[in-house]
There are 2 protein chains.
Amino acid sequence: MKKHTIKDIAQLAGVSKGTVDRVIHKRGKVSEKALEKVNKVLAEIDYQPNLMARSLKNNKDYHLCALLPNPDIDPYWLPCKAGINQAFNEYKSLGITIDTHTFDPTSTEDFLEVNARVLSLNPDAVLMVPLFFNEATKSIKAYAEAEILVSIINNRIGSEDINNFVGQDLFQSGRIAARLMEMITPKDSEIIIAHLDEFFHNASFMQQKEKGFRDYFENLLTSNYTLKTCNSIESNKYKTLFDAIDSSKNISGIFVTTSKTYKVAKMVENFPNLSIKIIGYDLLEKNISYLNSGAIDFLIHQNPKQQIYLGLSQLAEYFLFDKPISEEKLLSIDIINSENYNSYLNQ
Amino acid sequence: MKKHTIKDIAQLAGVSKGTVDRVIHKRGKVSEKALEKVNKVLAEIDYQPNLMARSLKNNKDYHLCALLPNPDIDPYWLPCKAGINQAFNEYKSLGITIDTHTFDPTSTEDFLEVNARVLSLNPDAVLMVPLFFNEATKSIKAYAEAEILVSIINNRIGSEDINNFVGQDLFQSGRIAARLMEMITPKDSEIIIAHLDEFFHNASFMQQKEKGFRDYFENLLTSNYTLKTCNSIESNKYKTLFDAIDSSKNISGIFVTTSKTYKVAKMVENFPNLSIKIIGYDLLEKNISYLNSGAIDFLIHQNPKQQIYLGLSQLAEYFLFDKPISEEKLLSIDIINSENYNSYLNQ
DNA sequence: ATACATAATGTGTTCGAACACACTTAATAA
DNA sequence: TTATTAAGTGTGTTCGAACACATTATGTAT
């Protein structure tokens, strides 16, 4: 398993390295005889170009922009900073620069504005959380026209100009929650699917989870749960959810489709006589605290840190080593309880 | 954030690149005046050597050996092949070769023999599953004397000559199982901890899981489960476990500390009147099949593929880019049910 | 002052791929 | 026949770090 260089091949084929180079890169200007000689050698050996040398010769700096919601407004995005740093440290000595731009997740205007700013920086690629469908589609088109690669994470939206998606299968995520819920609640009891989010843009993602959740229970032959959906928003102090619990004293579980699971855990404290199991999303500090106290039973980990790290590293390796970018990278969907959350925080 | 090269630094400091090189590598033969000038420049800028150039100049081939139990004998190790391939493909163009050596997990002699063979190959590093404590310790010492790096995965054993461990916290893994078991079994019922393994060397690892499992239940204030330990081996058709279930009609759960969980699921089919929850280990085909049928409730994923991949890639990046090797890398401990196993198989 | 050692410094080459450029050959037109 | 073009081929340089080697300064002994 010797390592062959272009020089080796040239010698074996009895031509110069220039000719070998032209054959390999199909630059033409090669006689049939020479082409044949080189191809014969190439067929015999397994030529693997030295990526270090290639990359050194190229010696370009690549500029990536990460575009995500402001973690101060939605703490779900907090771990992303660590993911970006990890990618930054890994690739900074290889000619990759990464900078972060955050936008207000409550404002489509801000989203567009930040995108315009990023576009004007003319980076080589953008990694974006496409929170708002219409605005994201528009921005992505603009990037494509400027020949800027676009990867998206967390929320899958369709577009021909997207090179790469990293995230989870939300429908399946709902099914996982349903299976867990089935295991810890009494048969045929009543379960609430709670959508807690002031951000309307999350609607479609919450619904995918709900669909998966309902799908699981609909296909259960051995039991007959009652599922109720409840939309509830903070500005209303989540009154709809409170009323739903209050009116029916038969609720055994609540599936919270967003990271605001801790709000539900807190609310349930008002009903000490009820035994309500709670399954929700994301390793926010407050969620973990309720997980530890037993108020929350399971969390599903959407792993924003890993999402952004994988998205960035795919882009970096594409530029540096020509590695193909996978169109879609689905992360594992992690089930979290009070005993294993710690093993994920240190990842 | 300009990229500085040695030539840049030389120019800024008013010396030659040779002098800068001597300062950076502390090779001596530099006058105090020159040293000062160069250090001043180095303090001002953030010099990051170009790893591509460094690695190209080095242009060494590094040889890694992976040493693991034969997957045909213990299917737990089956996914490792994919992990090795992944690392191989990632690093083959960068001058890393990896070859795999398997040993019979029932034979300490074979383990020693394979280790001797690997030693005679004189690789740069060995990634080993140290199945047998004494024999592994001995082999590791031999590698260290030959100045061969040693990483271990899956089973942590202590030794000064080990550079790196990748695996899981088995005690915590037992606690996770316990928490799950608590959630799906009635209070104060009887639970069996089943050690199913013909390989005596696994004893200590099974015991760590048992300790964690018991630790969780011992610290429970609100309930009082009865835990029984049961060692059972195949050559005896797992009769001890059968008798344990048969004698007490009050068993609500079995925690299987090995990947042979499917054996227990199969056995429980003989007791259709009992409702016994089963929690065990590893994504073997047979285990997944019982997970789908509902006979197994949870599996804990020990992720052998990821373990071996991470171990190998740490070694590769150490040789190629001088990245420090972390002494210990603890993987997340994944909880698997019938709905999320698929998201792990595609990782 | 000259010879000679040693310290200090600078220059040149290498790694492999990529590509610019110079050169050779053959073919065609004037 | 000579000039001209195009096709084909080979040579040389670059990327940045590492290090061998050549060269220059500085000192000490004779």
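Every chain is numbered from 1 and lettered A, B, ... according to where its sequence line falls, protein lines coming before strand lines. Everything numeric in this text was worked out from a predicted model, so none of it was measured.
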Atom CZ of A:Arg22 and atom P of C:dC21 are separated, to the nearest Å, by 14 Å
Using a 4.0 Å heavy-atom cut-off across all strands, classify A:Asn50 as base, sugar-phosphate, or nothing. sugar-phosphate
Tell me which donor-acceptor pairs under 3.5 Å the side chains of residues 116-130 of chain B have, and how far apart each pair is, sequence neighbours excluded?
| unit_1 | atom_1 | unit_2 | atom_2 | d |
| --- | --- | --- | --- | --- |
| B:Ser120 | OG | B:Arg117 | O | 2.6 |
| B:Asp124 | OD2 | B:His63 | N | 2.7 |

Would you please name every residue forming a ring-ring contact (aromatic ring centres under 6.0 Å, His included) with B:Tyr143, sequence neighbours left out? none
Can you give the first and last nucleotides of DNA chain D, 5' to 3', that have an atom under 4.0 Å from a heavy atom of chain B? D:dG16 to D:dC19
Anything under 30° is parallel, anything over 60° is perpendicular, the rest tilted; go ahead and classify B:Tyr62 against B:Phe319. parallel
Might you point out which heavy atoms bring B:Thr102 and B:Pro71 nearest each other, and give the distance in Å? CG2-CD, 4.1 Å
Result for 5'-nearest mapping on DNA chain D, choosing between B:Ala53 and B:Asp21, is B:Ala53
Within the 4.0 Å heavy-atom criterion, would you say B:Arg27 contacts the bases, only the backbone, or no part of the nucleic acid? sugar-phosphate
Salt bridge (Lys or Arg N to Asp or Glu O under 4.0 Å), paired with B:Asp21, selected from B:Lys7, B:Arg27, B:Arg54, B:Lys57: B:Arg27
Residue whose nearest DNA chain C nucleotide is more 5′ - B:Asn58 or B:Leu35: B:Leu35
Which part of the nucleic acid does A:Lys17 contact within heavy-atom distance under 4.0 Å: base, sugar-phosphate only, or nothing? base
Looking only at heavy atoms, what is the nearest atom pair of A:Glu90 and A:Leu94, with distance? O-CD1, 4.1 Å
Under 4.0 Å between any heavy atoms, over every strand shown, what does B:Ile6 touch: base, sugar-phosphate, or nothing? Just pick one. sugar-phosphate
